[in-house]
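So you know, we letter chains A, B, ... as the sequences are listed, proteins then strands, and number each from 1.
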Amino acid sequence: MPAITRPRGTNDLLPAEAPLRQWVLDTHARVAAAHGYEPIDTPVFEATELYERGTGAGTDVVEKEMFSFTDRGGRGLTLRPEGTPGVLRAVLAAHLDQERRPVRVHYAGPMFRYARPQAGRYHEFWQLGIEAIGERSPALDAEVIEVAWRFYEALGISGLSLQLNTLGDVDDRLRYRAALVEYYTPLRNRLCEDCQRRLEVNPLRLLDCKRDAGLVAGAPQIGPSLSSESQGFFSQVTDLLTAAAIPFSLNPRLVRGLDYYAHTTFELWHESLQGAQNAVGGGGRYDGLAEVLGFPPVPGSGYALGVERTMAVCREQGLGPAPRRDRVVVLGVSRTDAPTAAGVARRLRAAGIAAVLDASDRRLDRRLASAARQGARAVVLVGAEEAAAGSATWKDLDTGRQETAPVAEVATGLRHLLGAG
RNA sequence: GUGGCCAUAGCUCAGCUGGUUAGAGUGCCUGACUGUGGAUCAGGAGGUCGAGGGUUCGAAUCCCUCUGGCCACCCCA
């Protein structure tokens with residue numbers, strides 16, 4: 001009988017990797033909290049309609065990448081492909097925006113998209129993000145971008161570039177859309193198959209195409225379509241980023257794959273990631289999203305960052321949590337010492353020390369070697385002499401120093417050793 | 001979703017134009033060493049050769065299908 005395998009595009013997070021992700025998540029929570037963002041958790045699945053209407057029916061995500069299913073009651077549900085619509089739904093349904101504006105929240109959790117797996121692209125992947133809901137201001141956009149930037153600074157990651165663009169408001173977009181259609185329609189026959197379809201469904205996405213790069217170069221840019229208000233809004237964002245000493249590149253071709261963006265959009269790219277998957281995250285302003293979801297109009301701004309891609313950069317740059325050296329291994333010298341050793345381990349734990357009992361029959365020298373290899377900071381030996389005296393011998397594996405003392409004193413000594421790092 | 005490359009011990013890999021019992025390094029276990037660690041020496045365990053089917057006297061090796069990974073598209077995280 002063949003063993004059951006892990007589903008395609010999923011990953012096991014084994015003990016060797018788990019601390020790195022936890023460190024990334026903790027760092028983000030800390031940086032977000034320092035900017036006033038509070039934790040929020042929303043369901044891993046939502047009504048399919050939330051994404052059809054929110055993320056956008058014409059987007060690749062909704063068109064071909066969702067894990068959708070019908071539950072036993074006939075309801076159409078979808079494993080969340082992104083976090084923003086669910087978080088906005090939760091915040092507005094609870095009327096948090098009636099209590100204070102903006103509502104600042106941060107989140108982390110698994111997302112699901114059915115795209116062909118590749119390095120840095122999985123069916124199940126983690127995102128972390130923030131949303132600032134209820135205020136339409138350039139200062140908030142700049143703040144959101146700054147939180148992302150400070151997060152990567154806190155991790156110690158270098159080599160990131162911030163790509164920045166504006167899509168203007170709804171009217172600007174309609175004007176720009178018309179300009180693009182006017183430019184592309186005569187060229188229709190020279191467009192790739194996908195782009196011919198985009199011309200009908202979502203002309204802004206024509207700018208994303210790499211195959212038709214030659215045509216994209218000649219396409220009109222958004223600038224002339226922007227109202228003076230939109231231009232003013234965006235220049236305030238760039239001024240604030242400059243004042244915060246956050247470098248950025250203006251990228252007029254940055255469109256983003258989700259329908260709800262308006263005004264400021266951005267992506268964070270990392271040079272070392274595989275060409276196609278070089279974005280570690282992105283975000284922007286989504287002022288029309290609340291209405292599309294059936295709520296009163298409430299503006300918002302936020303970002304989502306890829307945890308796996310961030311971890312990949314961390315690994316490459318040798319970044320991560322300091323290895324934990326806060327454990328001791330308790331060894332019974334011979335088999336008959338095992339019960340006494342177990343008692344000593346119990347007393348150490350009661351004193352707040354992480355104690356692992358090695359009750360195996362292996363030779364003492366091998367068990368000592370094994371404890372050292374597993375990263376234990378110290379070992380505690382319990383043999384016939386110690387058992388008779390109610391004592392234990394503890395040995396610092398880094399210095400080799402060892403000492404026999406009553407168990408209570410050993411606990412104190414170990415606490416001191418572990419506390420000192 | 002499209003095209004390509006790949007899959008041999010826990011890990012990294014070798015295995016010739018098909019030819020006896022599938023190898024190495026490392027890791028693991030044991031002994032040298034029955035109360036003292038990452039060393040050394042010796043030994044041992046560990047493989048449905050990704051899965052299924054086919055060709056053949058004979059398949060890890062050739063063919064087909066599937067599964068999974070990677071790469072390029074596509075898209076994004």
Side-chain angles (χ1 to χ4, degrees), chain A residues 1-11 14 16 55 59-65 80-84 108-129 148 192-195 197-198 205 208-211 254-258 267-270 273-283 303-313 329 331-337 341 358 360-387 393-402 404:
Chain A
M1 193 167 64
I4 293 172
T5 57
R6 184 160 46 86
R8 179 177 167 88
T10 62
N11 287 296
L14 301 175
T55 309
T59 60
D60 280 12
V61 168
V62 172
E63 236 174 28
K64 48 191 190 192
E65 294 180 359
R80 62 183 180 193
E82 58 146 338
T84 301
M111 307 290 163
F112 304 85
R113 291 186 201 174
Y114 195 88
R116 187 133 156 186
Q118 212 169 307
R121 192 171 75 179
Y122 309 101
H123 285 176
E124 181 190 30
F125 61 100
W126 276 56
Q127 281 188 337
L128 42 81
C192 69
E193 210 171 295
D194 283 338
C195 283
R197 229 171 42 78
R198 285 172 178 151
R205 299 226 51 110
D208 270 347
C209 190
K210 279 118 203 158
R211 254 178 301 177
L254 187 74
V255 174
R256 311 270 306 142
L258 313 179
E267 282 184 7
L268 289 163
W269 292 356
H270 199 272
L273 295 175
Q274 286 299 331
Q277 265 85 240
N278 67 343
V280 295
Y303 67 67
L305 308 175
V307 174
E308 287 80 3
R309 290 181 191 179
T310 299
M311 287 167 67
V313 177
V329 171
L331 301 167
V333 170
S334 72
R335 188 171 209 165
T336 52
D337 301 316
D358 181 347
S360 68
D361 283 338
R362 295 151 65 211
R363 255 170 35 188
L364 188 64
D365 61 336
R366 298 231 198 256
R367 288 189 285 161
L368 219 49
S370 154
R373 231 180 298 116
Q374 284 164 31
R377 184 61 220 276
V379 290
V380 177
L381 293 169
V382 180
E385 295 166 28
E386 289 86 349
T393 298
W394 64 286
K395 175 172 189 170
D396 181 334
L397 287 171
D398 287 359
T399 64
R401 239 192 84 227
Q402 75 176 47
T404 303

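Proximity note for A:Leu381 (side chain, C-beta onward) versus B:C74, B:G35, B:G37: the nearest is B:G35.
In this entry the distance linking CD of A:Gln118 with P of B:G1 reads 14 Å, nearest Å. With rounding to whole Å, A:His123 atom NE2 is found 11 Å from B:G1 atom C1'. Atom CZ in A:Arg377 sits about 18 Å away from atom P in B:G38, given to the nearest Å. Note: CZ (A:Arg121) to C1' (B:G1) measures 10 Å, nearest angstrom. Rounded to a whole Å, the CZ atom of A:Arg367 is 11 Å from the C1' atom of B:U36. The CG-P distance, from A:Asp365 to B:U34, rounds to 9 Å in whole Å. A:Glu308 places its CD atom 13 Å from the C1' atom of B:C76, with the value rounded to the nearest Å. The distance from atom CG of A:Asp358 to atom P of B:C29 is 10 Å, rounded to the nearest whole Å.
Between B:A14 and B:C73, the two P atoms lie 27 Å apart (nearest whole Å). Distance check on atom C1': B:U8 versus B:A24 gives 13 Å, rounded to whole Å. Using C1' as the reference atom, B:A59 and B:A51 are 16 Å apart when rounded to the nearest Å. Taking the C1' atom of each, B:G3 and B:G50 are spaced 22 Å apart, rounded to whole Å. Spacing of C1' atoms, B:U30 relative to B:A45, comes out at 10 Å, to the nearest Å. The same atom, P, is picked in B:C28 and in B:G37; the two are 16 Å apart, to the nearest Å. For the C1' atom pair drawn from B:G43 and B:C57, the interatomic distance equals 39 Å after rounding to whole Å. Rounded to whole Å, the separation between the C1' atoms of B:G1 and B:G47 comes to 37 Å.
Summarising the base pairing, B:U65 is matched to B:A51 through a Watson-Crick or G-U wobble pair whose two defining distances lie under 3.5 Å. When both pairing distances are held under 3.5 Å, B:U20 makes no Watson-Crick or G-U pair with any nucleotide shown. For B:U26, the paired nucleotide is B:G10, the pair qualifying as Watson-Crick or G-U wobble because both relevant distances are below 3.5 Å. Nucleotide B:U36 is matched to nothing when pairs are restricted to Watson-Crick or G-U wobble geometry with both distances under 3.5 angstrom. When both pairing distances are held under 3.5 Å, B:U56 makes no Watson-Crick or G-U pair with any nucleotide shown.
OP1 or OP2 of B:C28 sits under 4.0 Å from a side-chain N or O of A:Arg373. Between A:Gln402 and B:U36 there is no side-chain polar atom (N or O) within less than 4.0 angstrom of OP1 or OP2. Between A:Arg116 and B:C74, a side-chain N or O to OP1/OP2 separation shorter than 4.0 Å is absent.
Residue contacts shown for A:Gly120 include a base, since a base heavy atom lies under 4.0 Å away. Residue A:Gly281 is classed as a sugar-phosphate contact, given heavy-atom separations below 4.0 Å to backbone atoms only. Using a 4.0 Å heavy-atom criterion, one finds that A:Ala384 contacts the bases of the nucleic acid, with or without backbone contacts as well. Here A:Gly9 lies in heavy-atom contact (under 4.0 Å) with sugar-phosphate atoms only. Using a 4.0 Å heavy-atom distance criterion, A:Asp60 is classed as a sugar-phosphate-only contact. When heavy atoms are screened at a 4.0 angstrom cut-off, A:Glu267 is found touching no nucleic acid atom at all.
We find the CZ-CZ distance between A:Arg366 and A:Arg373 to be 9.5 Å, quoted to the nearest 0.5 Å.
The base of B:G35 is paired with the side chain of A:Glu386 by a donor and an acceptor separated by under 3.5 Å. Donor-acceptor pairing under 3.5 Å, judged by distance alone, is present between the side chain of A:Arg366 and the base of B:G31. Side-chain N/O atoms of A:Arg363 and base N/O atoms of B:C29 include no donor-acceptor pair closer than 3.5 Å. Contact annotation: side chain of A:Arg309 to base of B:C76, donor-acceptor pair present below 3.5 Å.
Between A:Phe125 and B:A77, a base-stacking contact is recorded: ring centres under 5.5 Å apart, planes less than 30° from parallel.
Remark: A:Arg6 CZ is packed, more than 12 non-hydrogen atoms of other residues, nucleotides or ligands lying under 6.0 Å away.
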Next item on the list: Step by step, work out the side-chain contact (heavy atoms from CB on, under 4.5 Å) result for A:Arg309 and A:Arg121.
Entry: CA-CA 8 Å; A:Arg309 290 181 191 179; A:Arg121 192 171 75 179; 4.2 Å; yes
Checklist line | CA sep, side-chain torsions, deciding dist, call: A:Glu308, A:Glu124, side-chain contact (heavy atoms from CB on, under 4.5 Å) | finding: CA-CA 10 Å; A:Glu308 287 80 3; A:Glu124 181 190 30; over 6 Å; no
Next item on the list: Kindly indicate, with the supporting measurements, whether the criterion side-chain contact (heavy atoms from CB on, under 4.5 Å) is fulfilled by A:Thr310 and A:His270.
Entry: CA-CA 9 Å; A:Thr310 299; A:His270 199 272; over 6 Å; no
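Taking the six-membered ring wherever Trp is involved, the centroid distance between the rings of A:Tyr114 and A:His123 falls below 6.0 Å.
Residue-to-nucleotide proximity on RNA chain B shows that, of A:Val280 and A:Ala369, the 5′-proximal contact is made by A:Ala369. Toward the 5′ end of RNA chain B lies the nearest nucleotide of A:Pro7, the other residue of the pair A:Arg113 and A:Pro7 mapping further downstream.
Nearest heavy-atom pair, A:Leu258 versus A:Thr59, reported as atom, atom and distance to 0.1 Å: CA-CG2, 4.0 Å.
Screening A:Glu385, A:Gln402, A:Glu386 against A:Thr393 for a side-chain hydrogen bond (donor to acceptor under 3.5 Å, both in side chains) leaves a single residue, A:Glu386.
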